[in-house]
2 protein chains.
Amino acid sequence: MKRNSRLSGVLHVLLHMAQQPGPFTSETLAKAMDTNPVVIRRVMAGLRELGYVRSEKGHGGGWRLACDLSKVTLRDVYAALGSPSLLAMGNRTESPGCLVEQAVNAALDQAFHDAEALLLSRLGEVTLAMLSEDLRKRLGSRRIHDISAHRA
Amino acid sequence: MKRNSRLSGVLHVLLHMAQQPGPFTSETLAKAMDTNPVVIRRVMAGLRELGYVRSEKGHGGGWRLACDLSKVTLRDVYAALGSPSLLAMGNRTESPGCLVEQAVNAALDQAFHDAEALLLSRLGEVTLAMLSEDLRKRLGSRRIHDISAHRA
DNA sequence: CTTCATGTAACTTTATATGTTACATAATGG
DNA sequence: CCATTATGTAACATATAAAGTTACATGAAG
């Protein structure tokens with residue numbers, strides 16, 4: 001999986017899960033995402049803590065959606081991943097003694113903060129249900145979208 | 001120097017240079033920034049290409065500002081660094097064959113694009129002269145700010 | 001022609017996301 | 001019971017990119 005694509009990856013998994021009844025094993029999901037089952041479990045753990053999915057062990061076990069898709073936004077999913085930093089750039093030092101650095105930080109922080117706020121706001125406007133609806137439109141005529149037939 | 005803090009670092013250097021007449025050797029700047037002279041040269045190279053600074057070799061050589069600070073914005077400086085990616089997150093794949101991935105990408109791309117545009121816009125509103133003016137206010141009573149007395 | 005500065009390629013280090021292995025835990029079916 | 005199948009998780013390995021370092025070439029000043 002490409003760098004820093006957890007959000008993208010998790011959404012992919014959730015959307016697939018919304019297309020078929022579960023449960024899905026970590027191995028199935030991992031194959032579809034071209035990654036490792038452990039990675040799936042790691043990423044899904046955050047979602048489980050917030051009650052968006054459930055997991056069960058043993059025969060017939062695996063992952064299932066456990067939330068109202070119209071109530072969960074992309075921002076919620078992002079938060080479930082631990083709210084990793086959104087921006088690729090940051091300040092050299094956070095609490096500088098140098099006044100020059102303080103002046104630089106003040107200017108950059110303002111811009112960075114605004115951009116982060118906008119991004120979070122946008123993510124908060126999109127629910128998983130909206131994504132799923134968009135997907136159904138894209139699927140069009142095709143009746144089923146089986147995860148086992150996944151190709152990148 | 002912390003990760004991905006080139007913009008912050010370069011601005012720091014430029015602001016120091018605006019406080020005193022030059023020239024400044026890479027070594028002097030490096031000490032103030034607690035980094036290596038070669039790193040300074042590498043980063044300043046982009047600025048030189050765009051004519052924002054000049055460098056001279058030999059005795060009495062070093063770096064000098066070569067632009068009207070009121071005409072250069074933080075966005076210009078960012079561009080001089082090669083416009084590195086602003087966001088820490090991206091899509092798993094750029095041109096996916098999977099329709100699920102396409103739906104996810106479409107949603108995320110919109111949000112990502114808007115945030116990047118806002119950030120660039122904000123950076124474009126701030127000139128080096130404005131930063132320098134802000135710095136002078138912060139310096140207040142202090143008459144001089146000698147780079148050789150730099151502390152982080 | 002020595003000294004001091006930048007220019008730059010090549011290499012090393014470090015940070016972090018991602019991937020993998022190994023093993024513990026729990027649920028199910030015989 | 002107990003073999004099978006699943007998740008849970010720690011520990012380790014790999015990959016990538018930023019940052020730092022070394023080495024040496026180039027050029028200007030005294």
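A, B, ... follow the sequence lines: proteins, then strands. Residue 1 opens every chain.
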key: Nucleotide C:dA5, atom P - distance to CZ of B:Arg64 in whole Å   = 13 Å
request  = Quick one: list whatever passes salt bridge (charged side-chain N to carboxylate O under 4.0 Å, His left out) with A:Glu27, sequence neighbours left out.
outcome  = A:Lys31
remark   = Quick note, B:His59 side chain, CB onward, closest among D:dT7, D:dA29, C:dT21 is D:dA29
request  = Name the nucleic acid region contacted by A:Gly60, choosing base, sugar-phosphate or nothing; use a 4.0 angstrom heavy-atom cut-off, strictly under.
outcome  = nothing
remark   = Nearest-nucleotide check on DNA chain D, A:Arg42 vs A:Gly58; residue mapping nearer the 5' end is A:Gly58
note = Rounded to whole Å, CE of A:Met44 lies from P of D:dT7 at a distance of 10 Å
inquiry  = With nearest nucleotide decided by heavy atoms, which residue, B:Arg41 or A:Asn4, maps closer to the 5′ end of DNA chain C?
reply    = B:Arg41
task = Check for a donor-acceptor pair, side chain of A:Ser8 on one end and backbone N or O of B:Arg92 on the other, with a separation under 3.5 Å.
result = yes
message = Rounded at 0.5 Å granularity, tell me how far OG1 in B:Thr35 sits from CZ in B:Arg42.
response = 8.5 Å
request  = Calculate the interatomic distance between B:Arg54 atom CZ and D:dA28 atom P; express it in whole Å.
outcome  = 15 Å
Side-chain H-bond candidate by donor/acceptor type, A:Ser55 with A:Arg48, under 3.5 Å = yes
ask   = With distance as the sole test, does B:Tyr78 use its side chain to make a donor-acceptor pair with the main-chain N or O of B:Pro84 at under 3.5 Å?
value = yes
query = Any idea which of C:dA26, C:dT6, D:dT9 is nearest the A:Lys57 side chain?
reply = C:dA26
query = Can you find a side chain N or O atom of A:Ser55 that sits less than 4.0 Å from OP1 or OP2 on D:dA6?
reply = no
remark   = Considering only heavy side-chain atoms of A:Thr25, the closest of D:dG8, D:dA6, D:dT21 is D:dA6
query = The side chain of A:Ser5 lies closest to which of these nucleotides: C:dA9, C:dT18, D:dA19?
reply = C:dT18
ask   = How many Å lie between CD on B:Glu49 and P on C:dT6, as a whole number?
value = 17 Å
remark   = Which of C:dT20, D:dT7, C:dT6 is nearest the side chain of A:Trp63? It is D:dT7
query = Once you round it to whole Å, what is the distance between C1' of D:dG8 and CD1 of A:Ile40?
reply = 15 Å
query = Atom CG of B:Asn36 to atom P of C:dG7: distance rounded to whole Å?
reply = 15 Å
remark   = Taken to the nearest whole Å, CD/B:Glu27 to P/D:dT21 is 13 Å
message = Return whichever of A:Arg6 or A:Glu56 has its heavy-atom-nearest nucleotide of DNA chain C closer to the 5' end.
response = A:Arg6
